[in-house]
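Everything on this sheet refers to the single structure shown next.
Note that this is a predicted model, so its numbers are computed, not measured. Atoms within a ligand are numbered from 1 in the order they appear, just like the ligands themselves.
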Amino acid sequence: MNQLSDRVKNLSTSATLAMAAKARELRTEGKDIIGLSLGEPDFNTPDFIKNAAIEAINQDYNSYTPVDGYLELKNAIATKFKRDNNLTYKPSQIAVSTGAKQALFNIASVMLNEGDEVILPCPYWVSYNDIVKLNEGVPVEVKTSIENDFKMTAEQLEAAITPKTKMIWYSSPCNPSGSVYSEGELRALADVLQKHPNIYVLSDEIYEHINFEGGHFSMAQFDDMYDRTITVNGVSKAFAMTGWRIGYIGAAEWIVKACTKVQGQVTSGANCIAQRAVITALEASPSKVKYMIDEFKERRQLILKLLNGIEGFKTNEPEGAFYVFPNVSFYFGKTIKGKTINNATDFSLFLLEEALVATVTGEAFGNPDCIRISYAASQNDIIEAIKRIKLALA
Ligand code: PMP
Ligand code: GLU
């Protein structure tokens with residue numbers, strides 16, 4: 001008999017990871033699947049970072065690390081926050097985790113009591129909803145529109161706030177829409193929050209450097225938001241280091257201390273070799289990884305142009321990250337190749353089975369009219385994938 005806890009029974013499997021696993025499984029069966037489901041750079045970790053890791057192994061970095069991260073790494077993060085974001089965080093305001101994902105989980109666990117509401121502008125990154133729920137919080141989804149570039153307006157925020165609202169979580173650049181909040185747009189949200197001094201903001205900036213128009217702004221840069229903003233970042237995306245599992249936060253000391261307490265009971269400090277390598281990554285100028293950003297920018301133009309050539313794909317123009325999030329509701333209710341498509345999940349499955357292209361349903365991101373396509377893939381794969389999609393839908 002299944003004796004699992006209700007907590008786990010109510011937990012969804014990460015849709016991004018599930019789709020990647022399904023694509024892998026189909027490949028082992030011999031199917032030629034093009035994977036545009038996972039948000040993972042297809043580049044190798046740059047050599048200068050790999051060499052730092054090799055050096056760390058040879059220097060016998062092999063012991064448990066401080067739970068909140070090596071001091072040298074926290075110093076490098078503090079310097080990075082100042083250099084890239086004009087944010088002043090002392091090392092005591094910084095904690096390093098096993099990926100930004102663990103940082104998000106720590107934050108939910110230290111900030112939320114049962115029933116506390118967390119406002120999630122939709123579409124949101126797939127794991128926010130379940131991380132909040134696992135920690136007994138209540139996600140409150142705020143629908144946004146493609147016309148407004150999938151961004152939450154001040155009016156929408158105001159309308160979503162209740163006496164139970166504890167936090168707002170968002171990513172900018174956004175996974176999955178690629179939208180970037182400007183300073184003015186964030187200021188408008190911050191103005192609403194001035195009337196609600198007990199609401200905290202989680203600003204997930206993991207795609208900070210993958211920004212094609214420039215102009216990244218952090219909520220914590222506003223003096224009146226600094227104390228109640230938790231800035232989350234990591235190296236998975238900009239440095240092509242997904243498997244190294246290093247993320248970090250900058251926040252008020254009491255929040256950082258609490259996250260460290262939780263992490264100390266769950267995983268301890270993050271991996272020693274990865275931390276040493278990340279010191280080198282963060283100390284380098286962001287210009288060292290610009291070649292990847294330039295390539296993502298080219299791919300964005302390519303995929304937008306190709307998608308434009310298919311009937312029924314309505315897209316915004318993503319300014320950052322490496323996803324497009326087309327509205328495909330044009331196809332709902334239609335039967336193609338004997339398969340009836342009723343929603344985005346059906347559509348994404350149709351693409352997997354009939355076009356052999358893996359995408360992710362928008363339902364997992366709180367928007368059931370869209371699918372997410374990751375263009376962290378070669379230009380050849382992108383061209384071939386969109387050709388197959390077009391053919392399958394013809
Ligand atoms: N936040 C966002 C918006 C993401 O897309 C991801 C993707 N991995 C994460 C957090 C987690 O990143 P990681 O755990 O690899 O640092
Ligand atoms: N963040 C990536 C994505 O959205 C990686 C997968 C995951 O961590 O869920 O695809």
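- A distance-only check finds no donor-acceptor pair linking the side chain of Glu208 to the backbone of His216 [under 3.5 Å].
- Residue-ligand proximity: Gly234 is placed with every non-hydrogen atom at 4.0 Å or more from ligand 1.
- The contact set between ligand 1 and Ile206, taken as ligand atoms under 4.0 Å from a residue heavy atom, comprises 1 (N), 2 (C), 3 (C), 4 (C), 12 (O), 16 (O).
- With a 4.5 Å cut-off on side-chain heavy atoms, Leu282 and Tyr248 count as touching.
- Geometrically, ligand 1 and Tyr323 share no nitrogen or oxygen pair separated by less than 3.5 Å.
- Ligand 2 lies less than 4.0 angstrom from a heavy atom belonging to Ser14.
- Contact atoms of ligand 1 toward Tyr207: 3 (C), 4 (C), 5 (O) (distance under 4.0 Å to a heavy atom of the residue).
- Using a 4.5 Å heavy-atom threshold, the side chains of Ile382 and Arg299 count as touching.
- Not a single heavy atom of Gly247 lies less than 4.0 angstrom from ligand 1.
- Those atoms of ligand 2 with a heavy atom of Lys237 less than 4.0 angstrom away are 1 (N), 2 (C), 5 (C).
- Taking 4.5 Å as the limit, some side-chain heavy atom of Val201 sits within range of a side-chain heavy atom of Met225.
- In this structure, the protein non-hydrogen atom closest to atom 16 (O) of ligand 1 is Ala100 N, 2.7 Å.
- Listed by atom number, the atoms of ligand 2 under 4.0 Å from Gly39 heavy atoms are 2 (C), 3 (C), 5 (C), 10 (O).
- Taking the centre of each ring, Phe212 and Phe296 stay at or above the 6.0 Å mark.
- In this structure, of Lys237, Gln102, Glu40, the residue bringing a heavy atom nearest to atom 8 (N) of ligand 1 is Lys237.
- Residue-level proximity to ligand 2 for Phe365 is absent, since no heavy atom of it falls below 4.0 angstrom.
- Close contacts between ligand 1 and Asn175 involve ligand atoms 3 (C), 4 (C), 5 (O) [criterion: under 4.0 Å to a heavy atom].
- Taking the six-membered ring for Trp and thresholds of 30 and 60 degrees, Tyr124 and Tyr128 have nearly parallel ring planes, at less than 30 degrees apart.
- Scanning the protein for heavy atoms near atom 9 (O) of ligand 2, the closest one is Thr16 OG1, 2.6 Å.
- In this structure, the side chains of Met152 and Ile168 come closer than 4.5 Å at one or more pairs of heavy atoms.
- Every N/O-N/O distance between Ser127 and ligand 2 stays at or above 3.5 Å.
- Counting atoms of ligand 2 from 1 in the listed order, those under 4.0 Å from a heavy atom of Asn175 are 1 (N), 3 (C), 4 (O).
- Against a heavy-atom cut-off of under 4.0 Å, Gly99 is close to the following atoms of ligand 1: 14 (O), 16 (O).
- Each of the atoms 13 (P), 15 (O), 16 (O) of ligand 1 lies under 4.0 Å from some heavy atom of Ser236.
- Between Tyr207 and Tyr323, the ring center distance clears the sub-6.0 Å criterion.
- Taking a 4.0 Å cut-off on heavy atoms, Asp204 registers as neighbouring ligand 1.
- Residues Asn113 and Glu136 have side chains not in contact (no heavy-atom distance under 4.5 Å, counting atoms from C-beta outward).
- Under a 4.0 Å criterion applied to the non-hydrogen atoms of Arg245, ligand 1 contributes the atoms 13 (P), 14 (O), 15 (O).
- Annotation: Phe217 is in aromatic contact with Phe222 [ring centroid separation under 6.0 Å].
- Aromatic ring centres of Phe350 and Tyr331 lie farther apart than the 6.0 Å criterion allows.
- Atoms of ligand 2 lying under 4.0 Å from any heavy atom of Leu17, numbered from 1 in the order shown and given with element: 6 (C), 7 (C), 9 (O).
- By the 4.5 Å heavy-atom criterion applied to side chains, Met292 and Pro46 are counted as neighbours.
- Between atom 3 (C) of ligand 2 and the options Met19, Lys101, Arg372, Glu40, the minimum heavy-atom separation is to Arg372.
- Taking 4.5 Å as the limit, every side-chain heavy atom of Arg372 sits out of range of all side-chain heavy atoms of Val126.
- Nearest to atom 11 (C) of ligand 1 among the protein's heavy atoms is Trp125 CH2, 3.6 Å.
- Less than 4.0 angstrom separates some heavy atom of Leu38 from each of these atoms of ligand 2: 5 (C), 6 (C), 10 (O).
- In this structure, Pro139 and Val118 have side chains that are not in contact, with every pair of non-hydrogen atoms separated by 4.5 Å or more.
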